Amino acid sequence: MIYARGLVKRFGEFTAVDGIDLEVAPGEAFGFLGPNGAGKSSTMRMIGCVSRPTAGELRILDMDPVREGPAIRGRLGVCPQTDNLDPDLTVFENLTTYARYFGIPRPEARRRAAELLEFVQLTEKSGSTVDPLSGGMKRRLSIARAMINEPDLVLLDEPTTGLDPQARHLLWERLFRLKQRGVTLVLTTHYMDEAEQLCDRLVVMDAGKIVAEGSPRHLIETHSTREVVELRFGDEPPAAYVEKLAGIGQRLDPLPDRLLLYSDDGDGAVDEVHRRGFTPSSVLVRRATLEDVFLILTGRTLVD
Amino acid sequence: MGTLAVLERALVSYKRLWQASVFSSFILPVLFVISIGIGVGGYVGDVDGVSYLDWIVPGVLASTAFQMAVGESTFPVLGDFKWVKGYHAMRATPVGIGDMVAGYQLYIAFRVIIASVVFLGVSAAFGAIHSPWVVVTPFVCALLGVAVSAPTSAFSASIENDSYFALLFRFVVIPSTLFAGVFFPVSQLPALLRPLAYASPLWHAVELCRSATLGVAPPWPAVAHVAYLLLWAVLGALLAVRAFRRRLSD
Ligand SMILES: Nc1ncnc2c1ncn2[C@@H]1O[C@H](COP(=O)(O)OP(=O)(O)OP(=O)(O)O)[C@@H](O)[C@H]1O
Ligand SMILES: [Mg+2]
């Protein structure tokens, strides 16, 4: 579905995407994970054939995005990072007018609009204009709109950023259903849990480069320990404890508010901390997540 | 296909406010005809051998189209790039840049034709129509609309800030309306200023409309007036396509 080699995007002197390689297979759910400014959206826009690659090779649906842009876009569903719905049109009209851009006949457009509103649970809002909708409803409408042409490949740029947990779970559930139908999904996210929930495979991006690639499980296994201990201390800043606890576990990462201790045996490591005579004000042993992988790979946290 | 889809979107938005808009395109000419045509006309008497009311009606018809075309391609176009991002939404579909420009110009033509027909109805009721040639005036106005709205769209797509529109209205739209033969013959202008009126697409449309409603020959051959308007429309559309493309690619 997507094939990229040495893909580069520059804005003037600034390199937003710095030579990335990608392959996405049909039916896959593929994720870009990375902090602000990593180049996720820039990459998505190149894949969506609205931004021209500065260098490198890119093929979408086995076509050339520069020469065959309209043909490719006709088979893509795009949900951009910021909604660009028509505020003066009703929810229903937003879908039907968009359908016409793809040359879908009017009766068919109405049929699909009704079906998609059902799918994203917005049927009740069908006749309302877009302006008064909540953020989560707008997002759901954007996703429904991206499905209007029954796309082969759906691009979702931060589908759930800014939503409350309930709205996010509803969206995840809908996206999961799309995936089950065999739609190829490509999404970007800041959220580890989102990537873990939805993606078969993902790349971690940082400063325009891909720093790791694989399934969520695989990334955790190769880059992190099985468990992570979060230690908080009342007296001194976490960094002060790095030396004192040296040798326990495989790795220590001081964050401003806590110290992360990586170990395959979390409880054993906690015992060792106590044996050395330190009493943290709080101790949490948990399984490693992609967040830890990101921290290990880039030295920074994802959501600042 | 893409062009018609873009037109359709504009029409669906318009559906929501068409009543208000038709009302204002009805009430405005009525006010104009009464205050200027009849009120001012009472002092002015005849111009070029016809009553001032009859003389001014085609001018106001064309200038209403002119202002509508400029108005609809300033804030709405900038807004669609900057806030609504409707053009960005289209960009992600098979709709091409040419479709975006052409679809919107068709919409402008449609709006201008509706407004012109309403205006003509009012004018006819005041007995200001004297020739069957009047039937061409809505199309002349539509051509004028595109001739000014295409380059205005190009301008709106090139700016970041709506304060430029104040300059556009102050230094282009209002002077054009005042000096393009709408309210008094261009021959009254100092010879030095006359070329400015000739350069304005509005003047050409005013003269075409006037010759059509009064049933007299226009100052230049009609073909020349039409050709001049067409030139503006075509060049404007090319500029708009270029400006839209620049704005939508990075
Ligand atoms: N049109 C543009 N012109 C100039 N610089 C740009 C443009 N678009 C993006 N950039 C820059 O490219 C870098 C990558 O931006 P991009 O939007 O791809 O990041 P992102 O990973 O999507 O970030 P976020 O999580 O904040 O959405 C940023 O530093 C941004 O400022
Ligand atoms: Mg982004």
Side-chain angles (χ1 to χ4, degrees), chain A residues 9-12 14 16 41-42 44-52 54 66 68-90 92-106 109 129-131 142 145-146 148-149 151 154-155 157, chain B residues 1-21 71-73 75-104 106-107 110-111 157 160 241-250:
Chain A
K9 182 73 196 182
R10 279 192 209 99
F11 297 105
F14 179 78
S41 296
S42 305
M44 290 291 255
R45 288 165 40 72
M46 286 192 280
I47 296 173
C49 308
V50 295
S51 159
R52 225 184 156 108
T54 313
V66 175
E68 297 160 287
I72 300 174
R73 289 195 295 267
R75 290 171 55 193
L76 298 185
V78 180
C79 175
Q81 182 167 351
T82 39
D83 292 319
N84 52 28
L85 302 162
D86 268 312
D88 301 331
L89 300 191
T90 66
F92 193 78
E93 288 166 344
N94 260 278
L95 295 181
T96 49
T97 54
Y98 199 76
R100 303 289 293 146
Y101 298 157
F102 293 89
I104 298 166
R106 250 171 246 121
T129 54
V130 165
D131 244 354
S142 285
R145 197 183 68 172
I148 198 86
N149 57 330
V154 179
L155 307 176
D157 199 348
Chain B
M1 168 206 100
T3 303
L4 292 181
V6 174
L7 169 65
E8 203 170 313
R9 169 195 182 236
L11 288 177
V12 172
S13 297
Y14 177 62
K15 205 174 69 186
R16 201 133 287 120
L17 41 116
W18 76 271
Q19 280 153 324
S21 128
E72 288 295 320
S73 47
F75 290 95
V77 171
L78 176 65
D80 238 348
F81 276 110
K82 224 173 147 64
W83 298 291
V84 176
K85 300 210 176 281
Y87 290 120
H88 297 81
M90 292 176 197
R91 183 78 181 113
T93 73
V95 169
I97 308 265
D99 295 321
M100 298 179 200
V101 171
Y104 200 68
L106 283 178
Y107 169 70
F110 169 83
R111 287 288 306 276
E160 276 303 323
V241 167
R242 197 178 66 154
F244 276 43
R245 175 163 292 129
R246 283 204 183 148
R247 185 91 178 216
L248 290 174
S249 58
D250 55 31

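These numbers were taken from a predicted model, which means no experiment stands behind them. Residue numbers begin at 1 in each chain, while the letters A, B, ... track the order of the sequences.
For B:Leu4, no part lies under 4.5 angstrom from a heavy atom of chain A. Contact of A:Val50 with chain B is made through backbone and side chain together, with heavy-atom distances under 4.5 Å. Looking at A:Ser42, neither its backbone nor its side chain comes within 4.5 Å of chain B, counting heavy atoms on both sides. Looking at A:Leu155, neither its backbone nor its side chain comes within 4.5 Å of chain B, counting heavy atoms on both sides. When heavy atoms are compared at a cutoff of 4.5 Å, A:Phe102 approaches chain B by way of both its backbone and its side chain. Contact annotation for A:Arg145: only side-chain heavy atoms (C-beta onward) come within less than 4.5 Å of a heavy atom of chain B. In this structure, no portion of A:Arg10 lies under 4.5 Å from any heavy atom of chain B.
Taking chain A as the reference chain and counting heavy-atom pairs below 4.5 Å, the highest number among B:Gly96, B:Ala89, B:Gly2 is found for B:Ala89. Comparing B:Lys15, B:Lys85, B:Arg16 by how many heavy-atom pairs each has under 4.5 Å with chain A, the most go to B:Arg16. When the candidates B:Glu8, B:Met90, B:His88, B:Met1 are compared by the number of heavy-atom contacts under 4.5 Å with chain A, B:Glu8 comes out ahead.
Side chain of A:Arg52 to main chain of B:Ser249: no donor-acceptor pair is present (N/O by atom type, distance under 3.5 Å, no hydrogens or angles).
Going from atom CZ of B:Arg9 over to atom OG1 of A:Thr96 covers 12.0 Å, rounded to the nearest 0.5 Å. A:Arg100 contributes atom CZ, which lies 10.5 Å from atom CG of B:Leu7 (distance to the nearest 0.5 angstrom).
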Stepwise side-chain contact (heavy atoms from CB on, under 4.5 Å) check, B:Val12 with A:Leu89: CA-CA 7 Å; B:Val12 172; A:Leu89 300 191; 3.7 Å; yes
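Side chains of B:Val84 and A:Asp86 form a contact here, defined as non-hydrogen atoms less than 4.5 Å apart.
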